[in-house]
Amino acid sequence: MEKEEKLRCPRCGSINIIEDSDTGELVCAECGLVISVGIASNMKDWRAFDSDEYVKRAHTGAPISPVRPSFGLDTGIIGQDSASKKSVRKLRRTKRHVSDSKEKTIEPALMKIKEIADALNIPEETVEDAARLYRMAAHKGLVKGRSMDAMVAAVVYAACRRTEVPRTLENVASFFNLKEKDVGRSFRFLFRKLGIKIPPPKAERYAYQICTKLNLPEEVAAQATRILKIAKELGATMGREPVGVAAAAVYMACNEMGIHRTQRELAQAAEVTEVTVRNRYKELLEKVRPIWLKQRKEGEKRAALAEAGGR
DNA sequence: TAAGATAAGAGGGACAT
DNA sequence: ATGTCAGTCTTATCTTA
């Protein structure tokens with residue numbers, strides 16, 4: 001059935017490597033790692049599955065460099081890589097490969113992926129990943145007998161997670177008029193069966209997204225990112241929904257910078273409840289704020305010194 | 001009106017059976 | 001496969017400043 005190469009997946013060691021004839025990419029059929037080219041380089045950390053584990057096994061160093069993340073959503077930042085045209089063609093050209101009927105049945109799903117991607121402003125890179133995941137699922141017979149919408153929703157959501165595009169289950173589910181929990185169920189089913197580990201979403205991504213929604217200055221996002229970094233190091237985000245933590249961090253950054261935003265506004269932007277924002281905020285106040293303020297003070301001091309010295 | 005507090009209920013993960 | 005357990009988040013309601 002599957003093509004086999006003499007290659008081994010560097011992540012899971014499987015020799016079950018599929019070649020995507022369109023892109024020439026080598027993809028591990030077991031875990032989905034793209035071996036030769038593509039998004040693999042963007043996906044750094046795979047080990048953890050849920051939020052708890054993520055913090056427990058938090059990679060120590062490696063500060064998440066806040067280098068202009070492309071946070072998407074209605075801002076013009078998405079079209080960075082101008083490969084859109086190429087990848088659309090890539091998606092269309094799926095029939096050329098593999099003669100069997102499976103590829104044919106996949107086509108409508110790919111179209112749906114395109115549709116939802118347009119609606120939710122999802123970048124091409126993510127669309128391709130979703131298509132790739134759907135193919136893997138189809139080849140393993142995981143789609144048969146299940147709602148195609150739910151499966152498409154699941155792979156789109158998964159691709160968003162893998163490529164760190166901040167979209168919630170709710171975002172994806174509502175496009176298909178599905179319930180969040182149903183998409184979630186499909187998502188978990190699919191990726192348990194595929195054996196693919198998908199890293200938890202990063203709170204920093206949501207922080208930027210929230211700031212964008214509320215038209216907050218970049219400095220707020222930068223401060224929120226620092227808060228989140230400290231929170232992570234302290235384990236204060238353990239087991240919490242990243243988007244909720246992000247909302248609280250942004251709220252705290254606003255407060256500290258004299259920008260008035262209510263908890264309700266943050267809650268709405270993050271699509272969580274006020275209670276969640278409150279609870280996360282409370283935790284951040286206790287655990288993170290002291291350290292954060294100290295670091296800020298030190299940072300300012302350094303900046304002042306540097307400026308004085310530079311003159 | 002914003003924010004804090006509390007309680008009941010749901011859904012899901014870990015773990016054991 | 002099914003059940004229990006601990007923990008989170010949501011909804012609803014009430015209180016406080």
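Within every chain, numbering begins at 1; the chains are lettered A, B, ... in the order of the sequence lines, protein sequences first and strands thereafter.
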Quick check for you: to the nearest 0.5 Å, what is the distance between A:Glu124 atom CD and A:Ile122 atom CD1?
10.5 Å

Short side-chain N/O contact from A:Arg280 to OP1 or OP2 of C:dC9, under 4.0 Å
yes

Report the distance from atom [atom1] of [X] to atom [atom2] of [N], rounded to the nearest whole Å.
X: A:Asn279; N: C:dC9; atom1: CG; atom2: C1'; value: 9 Å
X: A:Gln268; N: B:dA2; atom1: CD; atom2: P; value: 11 Å
X: A:Glu241; N: B:dG12; atom1: CD; atom2: C1'; value: 12 Å
X: A:Lys181; N: B:dG9; atom1: NZ; atom2: C1'; value: 13 Å
X: A:Arg192; N: C:dA1; atom1: CZ; atom2: P; value: 12 Å
X: A:Lys179; N: B:dA10; atom1: NZ; atom2: P; value: 14 Å

Pull out every protein N or O sitting under 3.5 Å from an N or O of nucleotides 3-5 of chain B, one pair per line with the distance.
residue, atom, partner, partner atom, Å
B:dA3, OP1, A:Tyr251, OH, 3.0
B:dA3, OP2, A:Gln263, N, 2.8
B:dG4, OP2, A:Gln263, NE2, 2.5
B:dG4, N7, A:Arg278, NE, 3.4

Quick check: does any side chain N or O of A:Arg162 sit under 3.5 Å from a backbone N or O of A:Asp129, one acting as donor and the other as acceptor?
no

Ignoring hydrogens and geometry, is there a side-chain-to-backbone donor-acceptor pair from A:Arg146 to A:Leu142 under 3.5 Å?
yes

Per the ring-ring contact (aromatic ring centres under 6.0 Å, His included) rule, what does the pair list look like for residues 284-303 of chain A, sequence neighbours excluded?
none

Keeping to residues at least two apart or across chains, list the ring-ring contact (aromatic ring centres under 6.0 Å, His included) pairs with something in residues 220-271 of chain A.
A:Tyr251-A:Tyr281

Of all the heavy-atom pairs spanning A:Ala224 and A:Ala253, show the shortest one and how long it is.
N-CB, 4.0 Å

